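Predicted model, so just to flag it, every value in this text is computed and none were measured. Note on naming: letters A, B, ... go to the chains in the order of the sequence lines (proteins, then strands), and numbering restarts at 1 for each one.
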Amino acid sequence: MNTISPDRGGPLALFSQRLEGLAGAERQQAVAALQHAGLPTRRVEAWKYTALRVLGQTSLSAPAATYDAAAARAALDHVLAAQDGLADQPRLVFVNGRHAPDLSVAPKGVKVTFFADAPRFGNAASPDRDPLVALNTALAEDGANIQVEAGVDGGTLLLVSIGLGGQALTFSFHPRHAVVLEAGARLTLVCVQAGQGAYFHNPVTDIHVGAAAALEHVTLQLEGAEAVGLGTVYADVDREGVYDSFALGVDGLLLRHEVHARLGASRAAVHVNGVQRLGGAQVGDMTSVITHAAPDCISRQTVRNVLDGHARGVFQGKVLVEQIAQKTDGYQMNQALLLSPDAEIDAKPELEIYADDVRCSHGATVGALDDEQLFYLRSRGVPDAQARQILIEAFVDETLGLIAHEGAQALCRAMLARKGGAGESA
Amino acid sequence: MSQFLEISGLNARIDADGQEKQILRGVDLSIPPGEVHVIMGPNGSGKSTLSYVLAGREDYEVTSGSVLFQGQDLLAMEPEERAAAGLFLAFQSPVELPGVNNANFLRTAVNAVRRARGQEELDAVAFLKLAREAAKTLSMAPDMLKRNVNVGFSGGEKKRNEVLQMTLLQPTFAILDETDSGLDVDALRVVAEGVNRLRAPTFSALVITHHQKLLDYLVPDRIHVMAKGRIILSGGPELARQIDQEGYTKFLSEAA
């Protein structure tokens, strides 16, 4: 029977009641996988630097059936106010993991259904690969299923997730999204994960980019101050397709953005870029596995971390080049700017190459603000705090410039500016 | 009567790899308002250190002495306060700021100084007009305002960018640390004209140089020779010509 024994170690016990008696083959498989592996502890290699201990000791229930509509509206308005014209964009809004039609604006040229009406787990996110995907598979209630038909330009679509939590962590939600771009289709998908207070947000997004299709996927992690946001993306890219992704980690107690991108046919390209701007006791983790499973593909990854206070950044980036993937062109760079002596970056770049004719490079740097640059600015009359802010912005400027979509890039800059505050240990 | 700039018995040292190294050993120097003074001296005599100490660089520890700037205790001020008070240092090696747009940098600096001086800040349009005119006067390529600060600039372009900053920040006291080094004759004239345009009864400059050439365009009031961390000799403009012809050796041995 699918029960979780209470002595099963780790945080899985927090979900034990909800994992009992689930129906459907996918969910039962997921529960079985969880029973076998548990939720990861730091003894698991992929979670060596990021502990789930912050989930606490109290059982996490499903979100309440109702929520404070005014608070949801206010949280959404706060997001939309970051940029002129953003409120007029088509958007799918979820509150505590459930679709909120009254807050959404229907897109044109894009077909959308919802998981709650027609569950679709997708192919890439196999539960036995990742316990958090298994947890999501077991507990998913809703999510967006987005489809762009062959040759159609779907424009820009906003997917806003709002978490409304209280002071203590008492509930979790596990949205299951799927994005399919048929051959030659295009879409810019901007996922804004915002909220307030404490909750556990565990979205899984299953993506298929068809032949010669192009998806630009920008994720902004602006979760509640006490929230835990652990998102997993599985992207499968067909011949000459492009998956161009960027993640911005800003708010939340513990954030993890995990991308598994697979270049499945020749001349496909993936970009897995990101910026983290963390302070206080925040932990932000950018983990990726890029698999070159076909020849002549390109992968690019640039991640920059700005860490203040006691914040800790984690970068785990694996590039796997299979034997068939000749003429692979891979580049990976992780750089960190530490603003305080107590800030920390844990970087684990990995190249695993089985093909013999490839070009792969990677690197990592860690540093503080440059004293000479700081003095130069101050000698021109720029006050110390402002000079620091200018240098911090300069550090992430080039990476933000990798976001091809102008509006999405501007939105990321606006959200970073809200964080502001150079040199402070907020 | 209080001078414009009054340096008295200035001693300063730097911590280099755990070794404390005394660089300034009792510098005395007075600069009255409206004058251009020149410091010459062999390499390693402390000229650049003096300019950094005056601008407020923290690597140097002032162990004794004082600097009064228009009656204020300069050494007690932050670098940005010194800039607001009217001090400007043109760096010998201008610093590159990747990711910082030159026009934004200039506007931020100008407005920070204007704010501190109680003047109204300039909006983007008004500033850009001012900056373009100033850049044109300095024969700078228009795209230098759009590029990142000093990134990919040639040596001459970096020096012109320093003079552009000086022009826009309107200091009352400018220190030019070998701004002429590595410049061709045309660039040299541009730099000198940049200083000459600021000349006024309320503006003074301290020019560090090795070459007489700059001084042909920038007629100085007084020449000081620095050696081993102090001023060993001062004189009129003819002293620079004499050094240009005879070198420092004679003066160093006389002072010893």
Bottom line for A:Q373: the part with an atom under 4.5 Å from chain B's heavy atoms is both

Is B:R82 close enough and on-axis enough to B:F69, meaning under 6.0 Å and within 45°, for cation-pi?
no

For A:D384, which atoms come within 4.5 Å of any heavy atom of chain B: side chain, backbone, both, or neither?
both

Could you look at B:V149 and say if it's the side chain, the backbone, both or neither that has a heavy atom under 4.5 Å from chain A?
side chain

Measuring heavy-atom distances to chain B, does A:L391 have an atom under 4.5 Å in its side chain, in its backbone, in both, or in neither?
side chain

Starting from the C-alpha separation in whole Å, work towards a yes-or-no answer on salt bridge (Lys or Arg N to Asp or Glu O under 4.0 Å) for B:E78 and A:R378.
CA-CA 8 Å; B:E78 298 292 337; A:R378 294 179 71 193; 2.6 Å; yes

Side-chain donor-acceptor pair under 3.5 Å between A:N334 and A:N305, yes or no?
yes

Which one of A:L86, A:L189, A:T188, A:V218 satisfies the side chain to side chain contact (heavy atoms under 4.5 Å, CB included) criterion with A:L158?
A:L86

Looking at the rings of B:F88 and B:F203, which for Trp means the six-membered one, are their centres under 6.0 Å apart?
no

Contact origin within B:A55 toward chain A - heavy atom pairs under 4.5 Å:
both

Would you mind checking which part of B:E81 comes under 4.5 Å of any heavy atom in chain A, side chain (CB onward), backbone (N, CA, C, O), both or neither?
neither

Between B:L97 and chain A, with a heavy-atom cut-off of 4.5 Å, which part of the residue counts as in contact: side chain, backbone, both or neither?
both

Report which part of B:R57 has an atom under 4.5 Å of a heavy atom belonging to chain A: side chain, backbone, both, or neither.
both

Select, from B:P94, B:A84, B:G99, the one with the greatest count of heavy-atom pairs under 4.5 Å involving chain A.
B:G99

Name the member of B:E58, B:R115, B:E162 that forms the most heavy-atom pairs with chain A at distances under 4.5 Å.
B:E162

Is the closest side-chain heavy-atom distance between A:R300 and A:D244 below 4.5 Å?
no

Side chains of B:N150 and B:N161: do they bring a donor and an acceptor to under 3.5 Å?
yes

